[in-house]
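Encoded as structure tokens, the structure appears first; notes follow it.
Throughout, protein chains are lettered first and strands after them, A, B, ... in sequence-line order, and every chain is numbered starting at 1.
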Amino acid sequence: MMFEGFMVNAWEVASIVAVVAGVVGFFTVLRGAAFAAHSIPNGSFAGAAGASLVGLGTLFGLGVFAFAGALGIGLLGRRGRHDAVTALMLVMMLALGALFVSFSSEYAPEVYSLLFGEVLGISANAVLPTLLLGILCLLVVAILYRPLMLSSALPEVGEARGISAFAMELAFLGVLALATTMTVPVVGTLLIFSLMIGAPAAARSFTDRPAVAMALSVAFALAIVWFAIAASYETNWPVGFFVGTASAAAFVLGRVWAYARARMGRRPSARPSPS
Amino acid sequence: MSEAVLTVEGLGVRIAGRQVLDGVDFAIAPGEFTGLIGSNGAGKTTLFRAILGLQRPTSGRVLLGGRPRSRRGAGIGYVPQKFLLDPDLPLRGRDLVALGFDAGRLGPSTRLRRRRAAVEEALAAVDAEAFADTRVGRLSGGEQQRILIAHALISRPRLLLADEPLANLDLRSAQEVVSLLARVCREQGVAVLISAHEINPLLPVMDRIVYLAHGRAASGTSEEVIRADVLSRLYGHHVDVIDVHGRVLIVAGAGDDADLAGCEETVEHTEVIQ
Ligand SMILES: Nc1ncnc2c1ncn2[C@@H]1O[C@H](COP(=O)(O)OP(=O)(O)OP(=O)(O)O)[C@@H](O)[C@H]1O
Ligand SMILES: [Mg+2]
């Protein structure tokens with residue numbers, strides 16, 4: 001049944017992943033870092049391919065590439081445009097990935113599964129590492145919450161108060177890399193992206209308060225993942241299909257809600273006349 | 001005299017081979033309202049950044065309360081000239097003000113009740129209660145300005161730096177912001193340093209003026225600084241100061257075209273207003 005045996009692992013791990021994606025995604029959307037959130041997981045795929053080639057653990061390769069990508073984006077993006085630098089990092093990592101994959105003679109299922117995840121096939125010993133990495137991720141965000149928030153909204157004001165925008169950028173990208181390392185083996189590079197963007201982007205249509213938006217973001221991510229697992233189990237369609245479409249649906253729902261709320265005039269959305 | 005909140009001594013800043021500031025000297029006493037006047041590119045923002053420790057001086061030094069700065073930004077509130085707030089940011093005006101209370105600290109907030117009271121007080125000080133619950137990115141420029149001033153005030157700074165808060169404001173809003181800052185200055189005893197390229201809106205409230213031109217500064221009371229001889233020396237060519245019904249016009253005096261060009265902007269700005 002859906003709640004028995006190996007499926008228990010799937011529920012547990014996917015729930016941890018959803019919480020982390022909801023929290024990290026909240027800051028990703030806040031900082032307009034969606035492209036980095038796309039590039040780091042996708043580029044880190046190359047690390048896993050390389051690691052499996054030389055006989056190291058794929059998780060190790062994934063982590064190394066995720067952090068290298070984050071560091072590259074952070075350091076090179078210090079001057080000039082972030083998007084160009086992010087694209088460059090992605091392209092470099094993908095090029096390496098193509099090379100590694102071409103070197104590996106046999107089909108490497110664990111590497112390919114990184115693209116789409118293997119939620120339904122998660123083993124029991126994946127639960128603990130995922131949990132520990134997830135807790136670490138949340139801990140870092142909890143510690144940096146306020147400075148990161150100010151630096152994301154008003155970097156110059158933060159700088160003036162001694163909060164280095166560069167340090168915050170590196171810390172954020174580090175959290176993103178950490179989240180990538182723990183979530184990609186579960187939901188895959190393609191899906192973590194939709195989860196990290198869809199849920200928080202939808203959440204902020206429903207509330208003006210940062211803490212509530214973050215909580216909603218986590219709630220949406222959980223709902224999306226749970227729905228996707230159940231639907232996938234029932235239909236045998238890929239989990240990724242359901243995660244992606246549910247994320248997009250949540251976003252659309254948020255927009256409709258915001259529009260309706262503005263129309264109903266319940267929110268003081270129109271500017272109060274300057275006194 | 002009590003210890004100056006801010007002392008700038010022989011400050012020079014060189015950026016990309018250009019001497020942006022050169023031997024700038026002035027001091028601000030506690031609770032004083034000071035206007036930093038200069039045309040576009042005079043170095044106002046650079047001076048602020050040097051005071052905040054965001055721009056390393058190539059010569060001279062900045063003292064806060066008579067001592068070199070201990071921590072960056074300690075005791076200084078800052079409202080930057082340019083800022084961009086995303087309209088979709090899930091952050092109300094009051095949330096941004098609350099960040100001013102303890103954003104420098106790590107970990108979860110511990111003094112929630114005190115913070116809430118401080119937020120209300122700061123919002124009241126800038127008359128921002130009416131729009132404090134709207135997303136800050138959707139507020140008008142003037143309203144955002146007030147929220148940022150409240151954000152700066154809530155940390156109880158001894159010095160508030162406001163970089164061109166009057167730019168982009170219509171005359172009435174500009175006067176409101178000036179009287180608001182003057183009130184904050186008197187009531188809370190915060191020294192205010194505000195930059196502007198137009199002197200007249202600030203004349204009624206300024207205790208002191210720091211006039212920047214070509215990277216050099218003249219400072220003193222407005223009677224001491226807004227004089228033909230002082231400003232002519234600063235600009236390096238002859239400048240006239242004309243009083244028109246209580247408004248000051250600073251114009252390039254009779255001279256060659258090069259001189260006129262140097263003062264053009266000042267003339268333009270003074271003539272545009274009122
Ligand atoms: N990072 C930088 N690189 C190169 N030049 C700079 C830099 N920062 C400042 N400058 C130069 O220093 C001069 C002073 O700039 P600043 O921004 O301090 O002027 P300002 O008085 O604030 O002008 P405005 O009224 O237009 O805001 C300008 O000519 C500017 O081009
Ligand atoms: Mg400026």
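- Remark: B/R92 engages B/D133 in a salt bridge, criterion side-chain N to carboxylate O under 4.0 Å.
- Crowding of B/R111 atom CZ: a count of heavy atoms from other residues, nucleotides or ligands under 6.0 Å exceeding 12.
- At a 4.5 Å heavy-atom cutoff, the contact between A/A153 and chain B is made by backbone and side-chain atoms alike.
- A salt bridge does not link B/R114 to B/E121: none of the charged nitrogens lies less than 4.0 Å from a carboxylate oxygen.
- For chain A, the nearby parts of B/L91 are the backbone and the side chain; heavy atoms of each come within less than 4.5 Å.
- Heavy atoms closer than 4.5 Å to chain B are found in both the backbone and the side chain of A/L150.
- A side-chain donor-acceptor contact under 3.5 Å links A/S194 to the backbone of A/L191.
- Contact annotation for B/I51: neither backbone nor side-chain heavy atoms come within less than 4.5 Å of a heavy atom of chain A.
- Interface summary for chain A: among B/L85, B/V79, B/D102, B/L89, the most heavy-atom pairs under 4.5 angstrom belong to B/D102.
- One finds no salt bridge joining B/R135 and B/D86 here, because no Lys/Arg side-chain nitrogen approaches an Asp/Glu carboxylate oxygen to under 4.0 Å.
- With a 4.5 angstrom heavy-atom cutoff, B/L148 touches chain A only via side-chain atoms.
- Side-chain atoms of B/Q55 do not come within 3.5 Å of backbone N or O of B/L47 as any donor-acceptor pair.
- Only the side chain of B/R49 has a heavy atom closer than 4.5 Å to any heavy atom of chain A.
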